[in-house]
Protein chains: 2
Amino acid sequence: MNERAVILDAETKVAERPADHEAELRLWLRLLTCTTLIEGEIRSRLRDTFDVTLPRFDLMAQLDKAPTGMTLGELSKRMMVSNGNVTGLVERLAALNLLERKPSPTDRRAQIVSLTAEGRRTFRAMARTHESWIAEIFAGLARGDIDQLMALLAKTKMSARAAVHGEAA
Amino acid sequence: MNERAVILDAETKVAERPADHEAELRLWLRLLTCTTLIEGEIRSRLRDTFDVTLPRFDLMAQLDKAPTGMTLGELSKRMMVSNGNVTGLVERLAALNLLERKPSPTDRRAQIVSLTAEGRRTFRAMARTHESWIAEIFAGLARGDIDQLMALLAKTKMSARAAVHGEAA
DNA sequence: CGTAAAAATTTTAAGCTTAAAATATTTCAG
DNA sequence: CTGAAATATTTTAAGCTTAAAATTTTTACG
């Protein structure tokens with residue numbers, strides 16, 4: 001007759017009540033809102049100030065951390081995006097002389113991608129400004145807040161990873 | 001000669017040292033990683049289980065909260081996406097009979113969008129499962145963790161909003 | 001060696017997303 | 001009332017993103 005008020009039969013092992021997880025849902029929405037807000041602001045400033053997209057900036061950031069370059073697959077894994085996505089981004093950045101592709105000496109299927117001198121110079125300049133934007137955006141948090149958030153997000157990441165990979169405990 | 005070791009001229013009012021904001025930068029990357037991880041999992045489950053995309057689910061969620069419907073502009077604002085984006089999403093959902101568009105009785109420029117009966121039924125079913133996924137993903141957090149995170153993210157959102165709108169304090 | 005499975009990458013098709021320009025309508029000052 | 005500014009929406013062009021299929025090369029088993 002109705003959905004939630006039924007007194008469950010004694011046979012029922014685990015009560016099948018809706019078990020509302022409102023708190024988790026609200027947390028997820030807030031997390032998403034925060035990230036979307038900040039990401040949008042960074043995206044907008046990158047475009048207006050440096051005429052670059054966030055995915056391109058992210059890709060260059062990965063390469064900047066790997067002086068000897070890395071394969072497309074490695075890039076894909078670190079950026080958490082699909083292989084085909086990286087193919088296109090690398091294509092466009094290469095056309096701008098910001099990075100170069102060289103065949104892997106050990107595997108003819110793979111390519112090694114690395115920043116050009118110009119790419120490195122360009123990225124470093126953008127990164128400096130980017131860091132100051134991040135500082136500005138998080139300026140309302142005290143040092144202790146940041147530490148607490150870091151710890152809680154680490155816990156969140158572990159929890160999410162457990163759900164993403166096998167449900168296995 | 002070098003970038004950061006120069007002893008600054010006595011005239012220099014505020015030292016222009018890099019003032020590294022490494023902590024904020026790491027926090028931002030962790031926030032982004034968490035959100036990307038969870039969002040990807042939800043996206044994947046929505047596709048596999050209900051053959052629906054996350055943007056469509058989000059749009060339907062907004063409409064479900066507004067029984068009398070809302071305009072495209074209102075939807076755009078609440079979803080934090082562009083107007084043109086909403087136009088396309090609504091187009092595709094309308095083609096599936098999940099929502100309907102009616103001209104606003106008071107403004108001939110605007111349309112009122114609302115879920116159809118089928119759309120509402122479909123959304124409610126998906127939402128129930130979606131909530132259980134979220135609970136699963138955040139299962140590793142204790143109740144206290146959730147409350148702390150909520151509070152810290154509220155603070156983060158306020159800080160970000162201050163940076164997004166006028167720098168004005 | 002020969003071949004089947006695995007791995008790295010690209011291609012394809014579809015959909016999402018945005019900024020900017022264009023269109024249509026409303027509001028409001030004079 | 002009239003025209004200018006504001007508002008709601010759509011269109012356009014470009015780029016991002018994914019999943020799935022296709023291609024090329026490597027690995028490894030027998």
**Q** Donor-acceptor pair, distance only, cut-off 3.5 Å: does the side chain of B:Asp145 make one with the backbone of B:Ala142?
**A** yes
**Q** Check DNA chain D against residues 34-44 of chain A and give the residues with a non-hydrogen atom under 4.0 Å, in numerical order.
**A** none
**Q** Name the residue from B:Phe123, B:Phe57, B:Phe50 that meets the ring-ring contact (aromatic ring centres under 6.0 Å, His included) definition with B:His130.
**A** B:Phe57
**Q** Quick one: pull up CE in A:Met126 and CG in A:Asp64 and give me the separation to the nearest 0.5 Å.
**A** 10.0 Å
**Q** Shortest non-hydrogen contact from A:Asn97 to A:Thr116?
**A** O-OG1, 2.7 Å
**Q** Between the axis at one end of the helix from C:dC1-D:dG30 to C:dG30-D:dC1 and the axis at the other (five pairs apiece), what's the angle to 10 degrees?
**A** 10°
**Q** I'd like to know if A:Glu41 pairs up with B:Arg161 as an ion pair, taking the criterion as any Lys NZ or Arg NE/NH1/NH2 lying under 4.0 Å from an Asp or Glu carboxylate oxygen.
**A** no
**Q** How long is the line joining CG of B:Leu75 and C1' of D:dT9, in whole Å?
**A** 13 Å
**Q** Between A:Leu59 (CG) and D:dT17 (P), how many Å, whole number?
**A** 10 Å
**Q** Can you tell me the distance, in whole Å, between the CG atom of B:Asp107 and the P atom of C:dT26?
**A** 6 Å
**Q** Reading nucleotides 1-7 of chain C from the 5' end, what letters show protein touch, with B for base, S for backbone sugar-phosphate only, - for no heavy atom under 4.0 Å?
**A** -----BB
**Q** Pick the nucleotide of DNA chain D nearest each of A:Arg108 and B:Leu72; which residue has the one closer to the 5' end?
**A** B:Leu72
**Q** Taking atom C1' of D:dT18 as reference, at what distance in whole Å does atom CG of B:Asp48 sit?
**A** 12 Å
**Q** Figure out the CD1/C1' separation between A:Ile112 and C:dT9, and round it to whole Å.
**A** 13 Å
**Q** Considering only residues two or more places apart or on different chains, which pairs with a residue in residues 81-90 of chain A satisfy salt bridge (Lys or Arg N to Asp or Glu O under 4.0 Å)?
**A** none
**Q** Identify the residue among A:Thr36, A:Thr35, A:Thr156 that makes a side-chain hydrogen bond (donor to acceptor under 3.5 Å, both in side chains) with B:Thr35.
**A** A:Thr35
**Q** Do B:Leu75 and B:Val81 have side chains that approach each other closer than 4.5 Å (heavy atoms only, starting at C-beta)?
**A** no
**Q** Could you please name the option among C:dT17, D:dA8, D:dT9 that lies closest to any side-chain atom of B:Pro55?
**A** C:dT17
**Q** Considering only D:dT9, D:dC16, C:dT9, which nucleotide approaches the side chain of A:Gln111 most closely?
**A** C:dT9
**Q** For D:dC16, take OP1 and OP2 only and decide whether either is under 4.0 Å from a side-chain N or O of A:Thr53.
**A** yes
**Q** Between P on C:dC16 and CG on B:Leu46, what's the gap in Å once rounded to a whole number?
**A** 12 Å
**Q** Flag the pair B:Glu24 / A:Ser132 as yes when at least one side-chain heavy-atom distance between them is below 4.5 Å, and no otherwise.
**A** no
**Q** Which ones in residues 83-101 of chain A lie close to DNA chain C, meaning a heavy atom under 4.0 Å from one of its atoms?
**A** A:Asn83, A:Gly84, A:Thr87
**Q** Does atom CG (A:Asp48) have a neighbourhood of more than 12 heavy atoms from anything else shown, all under 6.0 Å?
**A** yes
**Q** Just checking B:Ser104: base, sugar-phosphate only, or nothing, at a heavy-atom cut-off of under 4.0 Å?
**A** nothing
**Q** At their closest point, which heavy atom of A:Gly69 faces which heavy atom of A:Ser114, and how far apart are they?
**A** CA-CB, 3.8 Å
**Q** Could you tell me the separation between the CG atom of B:Asp58 and the C1' atom of C:dG15, rounded to a whole number of Å?
**A** 15 Å
**Q** With sequence neighbours left out, what residues match B:Phe138 under ring pair (Phe, Tyr, Trp, His ring centres under 6.0 Å)?
**A** none
**Q** D:dA20, C:dT9, D:dA8: which one has an atom nearest the side-chain heavy atoms of B:Arg47?
**A** D:dA20
**Q** Nearest-Å distance, CG (A:Asp51) to C1' (D:dA14)?
**A** 12 Å
**Q** Give one of base, sugar-phosphate or nothing for B:Ser76, where a contact means two heavy atoms less than 4.0 Å apart.
**A** nothing
**Q** Kindly give the heavy-atom pair with the smallest separation between B:Trp133 and B:Arg45, and that separation in Å.
**A** CD1-NH1, 3.1 Å
**Q** A:Arg101 and A:Ala94: which non-hydrogen atoms are nearest, and at how many Å?
**A** NH2-CB, 3.7 Å
**Q** Tell me which one of A:Thr33, A:Leu149, A:Leu152 satisfies side chain to side chain contact (heavy atoms under 4.5 Å, CB included) with B:Leu153.
**A** A:Leu149
